[in-house]
A.B. asks: 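Quick one: the structure is below, and I'll ask about it shortly.
Heavy atoms only: backbone and side chains are in, while hydrogens, waters and symmetry mates are out.
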Amino acid sequence: MKQILPFVAGIWLLSACAQAPKDTMAYQNTIPVEAGDSHEMIIEKAAHVVPTANQLHALENEFIAFIHFGPNTFTKREWGTGHEDPKIFDLKALDTDQWCEAMKAAGMKMVILTVKHHDGFVLWQSRYTTHGIMSTGFEGGKGDILKNLSASCQKYGLKLGIYLSPADLFQIESKDGLYGNLSPYTERVIPREVPGRPFANKTTFKFKVDDYNEYFLNQLFELLTEYGPIHEVWFDGAHPKRKGGQTYNYQAWKELIHTLAPEAVIFGREDVRWCGNEAGGTRPTEWNVVAYQANPDTMNHFADMTDADLGSREKLYTAKYLHYQQAETNTSIREGWFYRDDTHQKVRSADDVFDIYERAVGGNSTFLLNIPPNRDGRFSDEDVKVLQEVGRRIHETYDTNLLEGAKGPKEVLDNDPHTFLLLEGKNEFVLSTPKPITLNRLVLQEAVATHSERVESFAVDAQIEGEWTQIATSTNIGYKRILRFPDVTTDKIRVRILESRMAPAISHISAHHYAARPPQLSIDQDKEGQIVISPKLQDFGWNQHGQNAAENLNAGYTIHYTTDGTEPTAQSPVYTAPFPQTKGEIKAVAILNGETGSVASERAGLAKKNWKLIKADGEEESHPATAAFDANPSTYWNVQKGALPHHITIDLGETHSLVGFAYTPQTVNSQGMMARGVIKASENGQTWRTVESFEFGNLINDPSKRTHFFKQPLSTRYIQVEAVESTDGKNSTAIAELDFYSN
């Protein structure tokens with residue numbers, strides 16, 4: 001069992017509370033559940049599960065960056081094949097200082113680089129392969145992206161992590177590839193010596209492994225000894241293809257990592273887990289004390305935890321082990337993990353990113369945001385602007401604590417994470433300020449390092465006109481909880497613990513105010529071709545008074561728009577009602593108190609009111625083919641009968657000159673998403689010619705609307721979409737919406 005700093009924990013207990021309880025159970029990272037344990041005993045054990053020192057430091061990072069960079073940046077694919085010629089990575093310049101400057105401005109504390117994605121291409125000067133940066137023209141084959149990034153991280157004070165994909169399509173597809181080559185497990189020395197390339201670090205290991213595990217360990221050794229301190233090693237479970245029953249000797253990997261990078265947490269294994277989606281979605285209640293059926297300290301394989309509930313009492317009652325394993329909430333600032341272009345690939349707005357930041361960091365997890373460099377080796381300007389704006393909002397909101405000078409328990413007000421208020425025998429505390437403050441954010445933290453996660457639900461009241469008024473409620477707190485609510489002016493705040501696992505230890509509370517900004521907008525098109533522009537509701541998740549918090553905070557805004565793709569300004573037309581538009585790019589922006597919000601954009605498609613279905617394969621009564629063009633993405637056409645390919649044929653009502661189309665996948669489940677397909681056209685609806693094929697990658701993890709633009713304009717009235725491959729590998733096809741664009 002791993003115990004977290006028992007002596008330090010003891011000191012904190014003595015210094016923080018004059019009357020510490022007689023608690024004889026040891027605080028540990030993993031605690032077994034015995035067969036005879038009562039429900040009460042299981043909950044008491046859960047209240048003693050704490051993070052390791054490395055996990056705590058990772059939690060304190062809060063906001064970190066992901067960098068996806070490689071051949072996919074140049075091929076515009078999400079997943080490579082392993083067949084790519086390394087020279088496809090045609091990088092001419094690299095500016096990792098610009099990356100780090102932008103990440104620092106956003107408030108990030110660490111960056112994780114995909115040093116090897118699933119295609120097997122490496123971004124450092126590895127001794128053990130030629131499939132990588134050394135076989136490109138970048139810096140005459142001498143370039144090393146990880147080395148550059150490491151130097152920039154040290155310059156800007158950022159921690160460094162690495163993503164090394166266990167999957168390796170190059171090693172699978174190559175004639176002499178090591179992945180799944182059925183080599184025997186024999187004792188190997190790590191690192192394997194390479195003539196002329198000695199290691200400064202003379203540490204060696206002996207492991208009984210096969211060829212691919214040896215290859216992987218050798219590369220880990222390079223990465224963990226030659227690029228400065230590594231603080232996170234990131235493994236995922238994605239496997240585009242398998243071969244030869246290849247397995248991974250994770251216990252050997254772990255021993256090497258713990259020895260060479262003692263400060264690193266390991267993602268995808270026992271230290272840090274995936275949140276369960278790639279959209280920046282967060283659970284309303286994210287417990288980091290979770291249930292395991294086997295000892296995570298000795299496990300070799302870790303399945304993704306995607307259930308909505310991972311740590312409730314009911315879940316813990318089923319456990320054989322209780323383990324502290326924090327979540328990382330990951331998503332990309334762009335549509336996809338790799339850069340494609342600055343024209344069609346949309347960028348998340350600052351509103352989106354700041355909202356995810358508050359939900360993730362303020363929901364007991366770490367926020368991991370991907371920023372993919374472009375083909376010039378830089379972050380694109382739009383990405384940088386978003387990062388800078390998010391950082392500005394974080395600093396403006398959270399650098400000022402409105403409870404400075406407040407009276408109340410000093411342990412929660414002193415900004416010292418080592419002190420805490422142990423709520424033994426009481427369930428509330430009150431804070432008062434010298435004069436009224438106006439707040440709409442409240443941050444609370446538990447002393448998870450010494451007392452685990454204990455709060456299960458709580459409420460916050462403000463004294464308004466002499467009366468206590470409840471302003472917010474929530475479930476757990478854990479490392480950090482950010483409460484968001486409409487503006488409240490008060491000089492007294494009360495926190496009430498409603499449910500807890502033993503006596504909770506509150507280490508921090510602070511109050512803040514977020515300055516109202518112009519809302520993020522959404523642009524939609526109905527079946528008649530009418531464009532509707534409206535504010536996107538901010539995800540406050542709290543409507544206790546039956547009002548829309550976003551509308552309250554953003555009252556007085558105006559919406560300005562353009563229909564020719566130009567950037568809207570205060571001089572652009574004011575949106576007052578829906579208007580007809582069937583081609584071109586609509587852009588819109590909200591303006592409030594002279595401040596301009598983020599620009600929303602959407603390409604207008606053909607009006608669908610006169611479209612007719614000619615034919616579709618395998619129609620179902622509950623999911624008819626007409627649902628694919630009813631201007632309602634919540635309904636969808638679903639085919640599960642007959643082998644692929646599946647066809648849907650549409651009469652557009654009249655001849656149009658088409659430049660492309662959009663496919664919106666259904667998101668009820670992952671069935672039938674179109675991975676590949678063919679577009680066909682006809683002059684009479686009977687004789688068909690193939691226009692071109694299309695391919696959409698990574699739809700299961702990123703089921704967003706996808707666009708495909710034709711190489712040449714297509715003049716037609718009759719259009720046919722042929723699905724030839726689905727993401728689930730089954731004979732199913734599903735389409736939530738089809739849109740066609742004209743020039």
A.B. asks: Are any non-hydrogen side-chain atoms of E226 and L146 less than 4.5 angstrom apart?
C.D. replies: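 Sidechains of L146 and E226: no contact.
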A.B. asks: Starting from the C-alpha separation in whole Å, work towards a yes-or-no answer on salt bridge (charged side-chain N to carboxylate O under 4.0 Å, His left out) for R269 and D271.
C.D. replies: CA-CA 6 Å; R269 302 303 189 265; D271 291 334; over 6 Å; no
A.B. asks: When you look at D728 and S726, which way does the side-chain hydrogen bond (donor to acceptor under 3.5 Å, both in side chains) test go after all the steps?
C.D. replies: CA-CA 6 Å; D728 57 12; S726 64; 2.6 Å; yes
A.B. asks: OG of S380 to CD1 of I371: how many Å apart, nearest 0.5 Å?
C.D. replies: 11.5 Å
A.B. asks: For Q55 and N29, which I'm curious about, is there any donor-acceptor pair between the side chains at under 3.5 Å?
C.D. replies: yes
A.B. asks: List the atom of T329, the atom of G281, and the distance in Å for their closest heavy-atom pair.
C.D. replies: CG2-O, 3.8 Å
A.B. asks: In a check of salt bridge (Lys or Arg N to Asp or Glu O under 4.0 Å) between E695 and each of K76, R706, R77, which one passes?
C.D. replies: R77
A.B. asks: Please give me the minimum heavy-atom distance between F138 and D144, naming the atom from each residue.
C.D. replies: CE2-N, 4.5 Å
A.B. asks: Tell me whether Q345 contacts the main-chain N or O of Y339 through its side chain, where contact means a donor paired with an acceptor under 3.5 Å.
C.D. replies: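 Side chain of Q345 to backbone of Y339: no pair is present.
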A.B. asks: Evaluate the criterion salt bridge (charged side-chain N to carboxylate O under 4.0 Å, His left out) for residue pair R359 and E286; output intermediate values, then yes/no.
C.D. replies: CA-CA 11 Å; R359 286 191 285 104; E286 187 72 77; over 6 Å; no
A.B. asks: So, for S704 and P665, which heavy atoms are closest and what is the spacing to 0.1 Å?
C.D. replies: O-CD, 3.4 Å
A.B. asks: Could you go step by step and tell me if T306 and D304 meet the side-chain hydrogen bond (donor to acceptor under 3.5 Å, both in side chains) rule?
C.D. replies: CA-CA 6 Å; T306 58; D304 291 332; over 6 Å; no
A.B. asks: So, do I145 and N148 sit near enough that their side-chain heavy atoms are less than 4.5 Å apart?
C.D. replies: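 With C-beta onward as the side chain, the pair stays apart.
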A.B. asks: Just wondering, more than 12 heavy atoms not from D381 lying within 6.0 Å of its CG?
C.D. replies: no
A.B. asks: Considering residues, nucleotides and ligands other than Q712, do more than 12 of their heavy atoms fall under 6.0 Å from its CD?
C.D. replies: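 Counting neighbours around CD of Q712, 12 or fewer heavy atoms of other residues, nucleotides or ligands fall under 6.0 Å, so no.
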A.B. asks: Please say whether more than 12 non-hydrogen atoms of neighbouring residues, nucleotides or ligands are located less than 6.0 Å from NE2 in H83.
C.D. replies: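 Check passes, neighbour count above 12.
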A.B. asks: Output the distance between atom CZ (F338) and atom OG (S332), rounded to the nearest 0.5 Å.
C.D. replies: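 The OG atom of S332 is 10.0 Å from CZ of F338, to the nearest 0.5 Å.
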A.B. asks: Does any N or O in the side chain of W274 come within less than 3.5 Å of the main-chain N or O of N277, such that one atom is a donor and the other an acceptor?
C.D. replies: yes
A.B. asks: Among D702, D352, D342, which residue satisfies the salt bridge (Lys or Arg N to Asp or Glu O under 4.0 Å) criterion with R334?
C.D. replies: D342
A.B. asks: Passes side-chain contact (heavy atoms from CB on, under 4.5 Å), T343 versus F709? Steps please.
C.D. replies: CA-CA 12 Å; T343 304; F709 291 91; over 6 Å; no
A.B. asks: Which atom names give the shortest non-hydrogen contact between S152 and T96, and what distance separates them?
C.D. replies: OG-OG1, 2.7 Å
A.B. asks: Supply the atom-to-atom distance E139 CD to Q125 CD, rounded to the nearest 0.5 angstrom.
C.D. replies: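 Between atom CD of E139 and atom CD of Q125 there are 9.0 Å.
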A.B. asks: Has T733 got a side-chain atom pairing as donor or acceptor with G672's backbone, closer than 3.5 angstrom?
C.D. replies: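 Checked: no pair found.
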A.B. asks: Quick one: OG on S150 to CG on L223, what's the gap to the nearest 0.5 Å?
C.D. replies: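 So the gap between those two atoms works out to 11.0 Å.
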A.B. asks: Looking at every heavy atom in both L182 and G244, which two are closest together, and how far apart are they?
C.D. replies: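 Minimum heavy-atom contact is CD2-O, 3.4 Å.
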A.B. asks: Please round to the nearest 0.5 Å and tell me the distance separating atom OG1 of T81 and atom CH2 of W79.
C.D. replies: 13.0 Å
A.B. asks: Applying salt bridge (charged side-chain N to carboxylate O under 4.0 Å, His left out) to K705 and E737, what does each step give before you reach the verdict?
C.D. replies: CA-CA 9 Å; K705 183 177 182 179; E737 207 66 33; over 6 Å; no
A.B. asks: Quick check against the 3.5 Å criterion: does K159 have a side-chain atom that pairs as donor or acceptor with the backbone of E232?
C.D. replies: no
A.B. asks: Show your working on side-chain contact (heavy atoms from CB on, under 4.5 Å) between T52 and Y324 and close with a plain yes or no.
C.D. replies: CA-CA 8 Å; T52 65; Y324 195 96; over 6 Å; no
A.B. asks: Report, as yes or no, whether the 6.0 Å neighbourhood of atom NZ on K147 holds more than 12 heavy atoms from other residues, nucleotides or ligands.
C.D. replies: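 Atom NZ in K147 is not packed in, count stays at 12 or less.
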A.B. asks: Is the closest side-chain heavy-atom distance between Y663 and M673 below 4.5 Å?
C.D. replies: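 Side chain of Y663 against side chain of M673, heavy atoms only: contact under 4.5 Å found.
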A.B. asks: For residues R603 and T707, is any side-chain donor paired with an opposing acceptor at under 3.5 Å?
C.D. replies: no
A.B. asks: side-chain contact (heavy atoms from CB on, under 4.5 Å) between R375 and D90: does it pass, once the steps are laid out?
C.D. replies: CA-CA 8 Å; R375 288 181 282 278; D90 189 24; over 6 Å; no
A.B. asks: Measure from the side-chain N and O atoms of Q666 to the backbone N and O of Q671, and report whether any donor-acceptor pair falls under 3.5 Å.
C.D. replies: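 Side chain of Q666 to backbone of Q671, a donor-acceptor pair under 3.5 Å: yes, one is there.
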A.B. asks: Just by distance, do the side chain of N213 and the backbone of N249 share a donor-acceptor pair under 3.5 Å?
C.D. replies: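 Pair found, side chain donor or acceptor close to backbone of N249.
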A.B. asks: How about K243: does its NZ atom have over 12 heavy atoms from other parts shown lying under 6.0 Å from it?
C.D. replies: yes
A.B. asks: Knowing that exactly one of K680, H708, K711 qualifies, which makes a side-chain hydrogen bond (donor to acceptor under 3.5 Å, both in side chains) with E692?
C.D. replies: H708
A.B. asks: Could you check whether R127 makes a cation-pi contact with F199, meaning its NZ or CZ is under 6.0 Å from the centre of the six-membered ring and within 45° of the ring axis?
C.D. replies: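 Verdict for F199: a cation-pi partner in R127.
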A.B. asks: Around atom NZ of K202, are there more than 12 heavy atoms of other residues, nucleotides or ligands at under 6.0 Å?
C.D. replies: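 Above 12, so yes.
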A.B. asks: For the CG atom of L178 and the CG atom of D210, what is their distance to the nearest 0.5 Å?
C.D. replies: 9.0 Å
A.B. asks: Measuring only between side-chain heavy atoms, which start at C-beta, is F221 closer than 4.5 Å to F205?
C.D. replies: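 Yes, their side chains come closer than 4.5 Å.
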A.B. asks: Name the one of W234, Y163, F121 that satisfies ring-ring contact (aromatic ring centres under 6.0 Å, His included) with H68?
C.D. replies: Y163
A.B. asks: Dump the intermediate steps for side-chain contact (heavy atoms from CB on, under 4.5 Å) on R188 and F207, then the final yes or no.
C.D. replies: CA-CA 5 Å; R188 324 271 179 117; F207 296 119; 5.8 Å; no
A.B. asks: So does R378 get a backbone contact from the side chain of D376, meaning a donor-acceptor N/O pair under 3.5 Å?
C.D. replies: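 Not confirmed, D376 side chain does not pair with R378 backbone.
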A.B. asks: Is the side chain of D739 donor-acceptor paired with the backbone N or O of A662 at a distance under 3.5 Å, no angle test?
C.D. replies: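 No, D739 side chain to A662 backbone: no donor-acceptor pair under 3.5 Å.
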A.B. asks: Is any side-chain N of the basic residue among R192 and E214 closer than 4.0 Å to the acidic one's carboxylate O?
C.D. replies: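 The answer is yes: the pair qualifies as a salt bridge.
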A.B. asks: May I have the step-by-step check of salt bridge (charged side-chain N to carboxylate O under 4.0 Å, His left out) for E382 and K385, ending in yes or no?
C.D. replies: CA-CA 5 Å; E382 183 65 22; K385 285 196 299 184; 3.4 Å; yes
A.B. asks: Main chain of T130, side chain of S135: is a donor-acceptor contact present, judged purely on distance under 3.5 Å?
C.D. replies: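 Present.
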A.B. asks: Taking N330 for its side chain and L368 for its backbone only, find out whether a donor-acceptor pair lies under 3.5 Å.
C.D. replies: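 No; zero donor-acceptor contacts below 3.5 Å.
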A.B. asks: Among Q325, H323, E270, find the one that has a side-chain hydrogen bond (donor to acceptor under 3.5 Å, both in side chains) with Y292.
C.D. replies: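 Only one of Q325, H323, E270 forms a side-chain hydrogen bond (donor to acceptor under 3.5 Å, both in side chains) with Y292, namely Q325.
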